[in-house]
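In this text the structure is predicted, and so the values were computed from the model without any measurement. Just so it is clear, the values below take in all heavy atoms, side chains as well, and ignore hydrogens, waters and symmetry mates.
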Amino acid sequence: MRQTYIFERGSEAHEFVPEREHEERQRRKREEERLKCRARARKNAKLLKIKRRRFRLSIASAVVLFSMFGAFVMLENGITASIRNISVAEEQISEVKAENSALLSKINTNANLSTVKEKATKKLGMKYAKPGQIVYYNIKEQDYMTVDDK
């Protein structure tokens, strides 16, 4: 059997090795390269998974943050609208109170005794009762109802 020697360059001195050994070394190198390539691919796949998780987490965080911001803005608008409604209601209350006090003062000025007497005699034609028209009643016991305010 004939052996062929192949000149290999390595980190050390040049050597001649048999062809089989050379092929075995080449096969081992390819196998190591393939294993390294697979390990790199697994590592890259893991890193890609981590990056995807981080990306999904940041997207989810952004969605939650924006939804909270939207809810905050909606609450602020609701509070502002409520404050406006309250101020409108307070203005209406103050207008009604002013109107009530004006009507009360008008009633008080028109309800004095001389005004009533004047309207009764002039407009309604009423006169004072004559002594023969007055009837007096004597009440021996209390016949009126009392109401207890509690």
Next on the checklist: Which residue is it: Lys29, Glu24, Arg25? I am looking for the one with a side-chain contact (heavy atoms from CB on, under 4.5 Å) to Arg27.
Outcome noted: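 The passing option is Glu24.
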
Item to check | Option among Arg84, Glu90, Gln92 that satisfies the side-chain contact (heavy atoms from CB on, under 4.5 Å) test with Val88 | outcome: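 Looking at Arg84, Glu90, Gln92, the match for Val88 under the side-chain contact (heavy atoms from CB on, under 4.5 Å) is Gln92.
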
Checklist entry - Can you tell if the side chain of Phe69 reaches within under 4.5 Å of the side chain of Met74, non-hydrogen atoms only? => result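 No, too far: nothing below the 4.5 Å cut-off.
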
Next on the checklist: With heavy-atom distances below 4.5 Å as the criterion, would you say the side chains of Lys130 and Gln133 are in contact?
Outcome noted: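 A side-chain contact exists here, since the closest heavy-atom pair is under 4.5 Å.
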
Checklist entry - What are the two closest non-hydrogen atoms of Ser67 and Val64, and how far apart are they? => result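 Looking at all heavy atoms of both residues, the closest pair is OG-O, 2.8 Å.
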
[atom1]/[X] to [atom2]/[Y] distance, rounded to the nearest 0.5 angstrom?
| X | Y | atom1 | atom2 | result |
| --- | --- | --- | --- | --- |
| Arg56 | Ile59 | CZ | CD1 | 11.0 Å |
| Asn77 | Phe72 | CG | CZ | 10.0 Å |
| Asn44 | Cys37 | CG | SG | 9.5 Å |
| Leu57 | Ile50 | CG | CD1 | 13.0 Å |
| Glu99 | Leu104 | CD | CG | 12.5 Å |
| Ile93 | Asn100 | CD1 | CG | 11.5 Å |

Next on the checklist: Keeping Glu23 on the side-chain end and Arg20 on the backbone end, is there a donor-acceptor pair under 3.5 Å?
Outcome noted: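 Checked: no pair found.
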
